[in-house]
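Order of appearance sets the numbers: ligands from 1, and atoms from 1 within every ligand.
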Amino acid sequence: MRAQPEASHYINGRFVEDEQGAALPVIYPATGETIATLHSATPNVIELAVEAARAAQGAWAGMKPVERGRILRRAADLLRARNDDLAKLETLDTGKAIQETLAADAPSAADCLEYFAGAIAAYNGDFIDLGGPFAYTRHEALGVCVGIGAWNYPIQIAGWKSAPALAMGNAMVFKPSENTPLSALALAEIYTEAGLPDGLFNVVQGYGDVGAALVEHDAVAKVSVTGSVPTGRRVLALAGSKMKHATMELGGKSPLIIFDDADLENAIGGAMLGNFYSTGQVCSNGTRVFVQKGLHDRFVERLIERTKKIRIGDPLDPETQMGPLVNKAQHQKVTDYIRIGREEGAKLACGGNVPSLQGFEEGCFVEPTVFAGVRDDMRIAREEIFGPVMSVLSFDHEDEVIERANATEFGLAAGVFTRDLPRAHRVISQLQAGTCWINAYNLTPVEMPFGGYKQSGIGRENALEALGHYSQVKSVYVETGNVDSPY
Ligand code: NDP
């Protein structure tokens, strides 16, 4: 199976290669096959990309917002029209089941492009009446923005960053995760086909050092990273040292709270979506599932029944519900945590093994795993695992569970299942998390801001909030009389 793109990088509207850069093999996580080989960006490639973005940005920012929006809208249509091919590419790159990549990856990027295509013309400044004189504000582009992506939702992340950046009149240089470099190149080609002027969306490949070189570049005004907390800290420090704007979408260990009166099947469905979708590699996952004592045993029993039915295997088979983890390192990390959970005394309720699947012996598969009887102080309840490992904890009272849910350095997401709506709103208002759900989990429509509290991040993606993070406000005071000067 090959998925070799024309070249490694996409700069100024065309593919660019520089074989001097270190080789980056692209591995299909289901079989271990090398499906493409790319090259990491050399300093020359980084310079070309930033310069192309810098040169193109001014004229783009000078276009009418509605014209910029029209191009994004055409790109959204192309993403939807090519969804089958893009889903296959994303499955080969990430290992995620095709039934997910068809529904959640390019479609989410398309939703985002479509949203900002329409929203940008209505994103205007304020008129401020000063009783004669007046002031107004302008939202102005920042210039060249850098996007750095994680490997779990490659094209979605590229879309979520580039759409608001471009709509606002910026140019972008995007560096995908070196694990999943392919679909950002496909997005770049689509932008060009949709009529985006050359230089406005560039893709350069590489490891963290390429990301760091981009962040450090003097011509770059802003960086938006999706990744882990340690990476976020490093990038934010570097951006801060040069007074650059920064958005950080980082990791989590989010609580999902299920009260006794919740609809049992819906609550289990939410918990499974919030732990097993994308083989558990979702930043907002509700990996600490707190279940109230009265429902706890029935919840665990039924959860096991439903979890055992998850179909794991060939990611390209439309019937498959769970593919492998992204690579061997992540597989090692997740299986280590399963071992740690056992050693810490959590009860392995189901899963926990590496399945043997014919034809996929080299794949990075692990069974969907549920630990019950988990205590707050266990590592599996405190650290982000980023795999299909759910921890179930029990609780008695509302105040108790709020305190325990908040006892974490993270604050990305949280969820509550209950039929008592006043309680749902009361509890959500006290949870320290940026993205919350009531009687649902992990739905992230573009209309809703997405991002974290505490160590989980700074800034927001999606919704009008994202435009604020890709622009700066200029205030203009206008005198309508004479200048009142004492001199
Ligand atoms: P990493 O933090 O390892 O990497 C994220 C990106 O940053 C990669 O492209 C990486 O390149 C790059 N990078 C690494 N070091 C630097 C540096 N010093 N300067 C600039 N760029 C750098 O995250 P993963 O890719 O492993 O993704 C998993 C993490 O992402 C999890 O913690 C997850 O929770 C989080 N995440 C957060 C989301 C959110 O929206 N809040 C959504 C999805 C994931 P390379 O990979 O080549 O090293």
Looking at [Y] and [X], is any side-chain nitrogen of the basic one under 4.0 Å from a carboxylate oxygen of the acidic one?
| X | Y | answer |
| --- | --- | --- |
| Arg14 | Asp198 | yes |
| Arg339 | Asp336 | yes |
| Arg311 | Asp317 | no |
| Asp209 | Lys175 | no |

Reference residue Asn170; test side chain to side chain contact (heavy atoms under 4.5 Å, CB included); the match among Pro164, Ser162, Cys145
Cys145
Write out the protein residues near ligand 1, meaning a non-hydrogen atom under 4.0 Å from one of its atoms, in order of chain and number.
Ile148, Gly149, Ala150, Trp151, Asn152, Lys175, Pro176, Ser177, Glu178, Gly206, Tyr207, Gly208, Gly211, Ala212, Thr226, Gly227, Ser228, Thr231, Arg234, Val235, Glu249, Leu250, Gly251, Cys283, Glu384, Phe386, Leu412, Phe450
Does Asp314 use its side chain to pair, donor to acceptor, with the backbone of Ala97 at less than 3.5 Å?
no
